[in-house]
Amino acid sequence: MKIRDPRLVLIARRLAVIPLSLLLVVIISFLLVALIPQSTAQAIAGQGASKEAVIAINRKLGLNQPLLTQLGNYLDRLVHGNLGTSYYSDKPVASDMLSHVPATLELILPALALGMLIGIGLGTLGAYRSGKLADRGVRMGGSIIQATPEFLLGLLLLYVLFFRLHWLPAPTGQLGIAYVNPPYHTGLLVVDAIIAGQWSTLGDVLVHLVLPVLTIALPLAAVLARITRAVVGKALVADHIAYGRAIGLKERRLIRYALIDSRTSLMTFCATLFAGLVGGDVIVESVFNWNGVGQWAISAMTNLDVPAIQGFVLFSGIVTLCVYIALDVAAVTLDPRIRLGHSS
Amino acid sequence: MAIAAEPTIIRPVGAQTTGTREWTKSVGLIAGLVVLGGLLLMGWFLPLRYGPNALGTGKVLQGPSAQHWFGTNQVGQDVFARTIRAASTDLPLALEGTALATIVGVVGGLAVSTRSRASEWVMRGLDAFQALPLLIVTIALVVISNNSLTMVAIAISLVSGPFYIRLVRSQALALRESRFVEASRAAGTGSFRLMIRHMIPNLRALIFTQTANTAAVALLVVAALSFLGVGTVPPTASWGSMIKDGSEQLVTGQWWDAAFPGIALFLCIFSFNLVADGLRARLARSRALEPE
């Protein structure tokens, strides 16, 4: 009876909070939009619409019912997997939103990979060469990028790399105007172009990716470099590293040990950053006319498209929760300190 | 239980006189405050040749010149006047939000700084809240409130409040277990007095630093919102909306309309970060002089 795997206990405990967190996310997403004053119907009907038209819209959307009834209806629909219908396009919110997810994924996955590569690489360099020129350079560069808002960085890159140097194409979204989308398979244009064997389209997709990916990756790299610098720096002064050096292990090897020591914390930060991005990077998508979930959410917002906003908030909330759970499972599996209950 | 004395700050003789070395260490802090204060004062008081909202002060989209130091935008407004004046809308708004976030963070953080079941529940609630796309939530709130600036300040506290609460809570939990708090409680100090006399003064390093960090985030939120067309909207000059307007000209080469407000924004955020780092360094030193 004593053979309780602490790993399972930990994961089970985490899983147990999920329904609660989910319910909270649902309620918050509902309340958020329920705060909208009577003007929703007015906004939909348009300025100068007759009073009758506004009342009719209110009735049709159930906005005239008490808040609790509305919440009940909302939960009931959710349980049946129905996120509602957009006030504007009259299309189901779920499928409308999901059709924009691939574009966002295509943007944030390479950006995250690049950001991790640069950030962890430079952060480790800074930690290893602590106090030296490389360290100070990395820190200086990082603090400059961290003080640059994403939209400013995006515009700067756009001005230099597109307008001045003509290395990269205009911000027309995922493809140049001369190209059409490859036949739909996965929704990921890179993959679809490869499947269809349209190599020039693939090239165009890739060059259009560079600017927005850089714009997301550089700030990520700056944050990660700072964190890596701190975490790996601490690991590098640990006793076992000093011992390793004393018995003549190669420096390369010592760095690897320090990185293994730090990987749980680094993974946590990467997952947090990823979770922040899955909802689509609203600002970068808007700068580069990227037709992802972020842009979609912004247009829903300006139209006061209530079901769409709720659907989006709910979607991002759920994805974020999933990322955190995956993180916990990974952390428990990778880190014996947590598994054995030595963590602080 | 031993009753410890009130924590007194022991300063070595001569610690009050600030030596040259101390000065150089605070250069970032002072520079940051000078830039921020200077921009704010200029935004309020600098007499401008053209009104920030005056249309057609010159030809449209003219580059920087003696007449228009920062050029003109697509409706012929003077970019210099707008960039300077925007400081008096953006910075106070960001500071209001920061003040609100600080109140939320300190009061909230102290309120849940117990290991009771209720605080655990609140923390789980915060987890769920932070799982939401907060920028989108803020945009929604500001749009719904019809671009009310009060809502922008509230939105800032929603974005940075939860993190602030976490920070205060984690330090306050440790502090509560320290000897002098225990002693004070044993001597019958009520919880309100305990907060004012012991907790807040001992959290001041964290609070000052985190407030400066929050100000940087707050300014970023203000700018991002107006870049996306909510919050401070034209005709009011604001760096975010100026950059947005300027971005449309950027791809045809008229860089000044976006660049100058961009530089101002960058300088402010950088300065807030400098202030945060400077405060951290200073307060870490004065902390080291306190008895454990």
Side-chain angles (χ1 to χ4, degrees), chain A residues 17 20-25 27-29 32-33 35-37 39-40 143-144 146-152 154-156 158-159 162-164 170-171 272 275-276 278-283 286-287 293-294 297-298 300-302 304 306 309-310 312-321 323-324, chain B residues 28 120-121 124-146 151 158 216 219-225 227-230 239-240 243-244 246-255 258-259 261-263 265-274 277:
Chain A
V17 237
L20 176 79
S21 306
L22 261 182
L23 187 65
L24 268 172
V25 169
I27 292 178
I28 293 173
S29 77
L32 179 74
V33 193
L35 291 174
I36 298 184
S39 61
T40 322
S143 57
I144 288 176
Q146 280 200 300
T148 313
E150 231 174 8
F151 51 90
L152 210 56
L155 292 174
L156 184 69
L158 187 64
Y159 183 74
F162 160 66
F163 183 75
R164 282 284 155 200
T272 318
V278 276
D281 193 315
V282 181
I283 288 169
S286 132
V287 170
V293 269
I298 282 286
M301 209 79 63
T302 38
L304 280 182
V306 177
I309 303 173
Q310 284 175 331
F312 177 75
V313 170
L314 192 62
F315 166 78
S316 314
I318 291 175
V319 176
T320 309
L321 287 177
V323 171
Y324 286 149
Chain B
E120 290 298 328
W121 280 98
R124 294 292 83 74
L126 271 188
D127 284 345
F129 186 74
Q130 285 188 295
L132 296 172
L134 286 180
L135 186 61
I136 295 288
V137 173
T138 52
I139 296 170
L141 284 173
V142 177
V143 169
I144 290 165
S145 69
N146 210 355
M151 195 49 100
L158 286 184
L219 187 60
L220 200 60
V221 172
V222 168
L225 286 177
F227 179 81
L228 293 170
V230 299
W239 291 327
I243 295 170
K244 175 67 187 172
S247 72
E248 281 147 31
Q249 272 78 50
L250 204 62
V251 284
T252 51
Q254 285 90 359
W255 50 270
I263 291 170
L265 183 59
F266 169 81
L267 276 180
C268 286
I269 298 177
F270 196 77
S271 299
F272 277 129
N273 288 339
L274 278 181
D277 290 345

Engineer: Counting only non-hydrogen atoms closer than 4.5 Å, does B:F272 touch chain A with its backbone (N, CA, C, O), its side chain (CB onward), both, or neither?
Structural biologist: neither

Engineer: Return the OH to CD distance between A:Y159 and B:Q254, rounded to the nearest 0.5 Å.
Structural biologist: 9.0 Å

Engineer: Chain A heavy atoms under 4.5 Å from B:W121: which part of the residue, side chain, backbone, both or neither?
Structural biologist: side chain

Engineer: Shorter than 4.5 Å, heavy atoms on both sides: which option in B:L219, B:I139, B:N273 has the most such pairs with chain A?
Structural biologist: B:I139

Engineer: Please classify the contact of B:L250 with chain A as side chain, backbone, both or neither, using a heavy-atom distance under 4.5 Å.
Structural biologist: both

Engineer: Side chains of B:F266 and A:L156: closer than 4.5 Å at any heavy-atom pair?
Structural biologist: no

Engineer: Below 4.5 Å from any heavy atom of chain A, which atoms of B:I243 appear? Answer side chain, backbone, both or neither.
Structural biologist: both

Engineer: Which answer fits A:V323, side chain, backbone, both or neither, if we ask what part of it has an atom under 4.5 Å from a heavy atom of chain B?
Structural biologist: neither

Engineer: Distance from B:I136 atom CD1 to A:F315 atom CZ, nearest 0.5 Å?
Structural biologist: 12.0 Å

Engineer: What is the minimum heavy-atom distance between B:A224 and A:F151, and which atoms define it?
Structural biologist: CA-CE2, 3.7 Å

Engineer: Hey, does B:F227 have a side-chain heavy atom less than 4.5 Å from the side chain of A:P149?
Structural biologist: no

Engineer: Could you check if a side-chain atom of A:S286 sits within less than 4.5 angstrom of a side-chain atom of B:L228, using non-hydrogen atoms only?
Structural biologist: yes

Engineer: Could you give the distance from CD1 (A:I283) to CG (B:L220), rounded to the nearest 0.5 Å?
Structural biologist: 7.0 Å

Engineer: Among A:V319, A:L158, A:L155, A:L314, which has the most heavy-atom pairs under 4.5 Å with chain B?
Structural biologist: A:L155

Engineer: Is B:T252 close to chain A through its backbone or its side chain, or both, or neither, when contacts mean heavy atoms under 4.5 Å?
Structural biologist: backbone

Engineer: Of the backbone (N, CA, C, O) and the side chain (C-beta and beyond), which part of B:A216 lies under 4.5 Å from a heavy atom of chain A, both, or neither?
Structural biologist: neither

Engineer: Heavy-atom distance under 4.5 Å to chain B: side chain of A:I144, backbone, both or neither?
Structural biologist: both

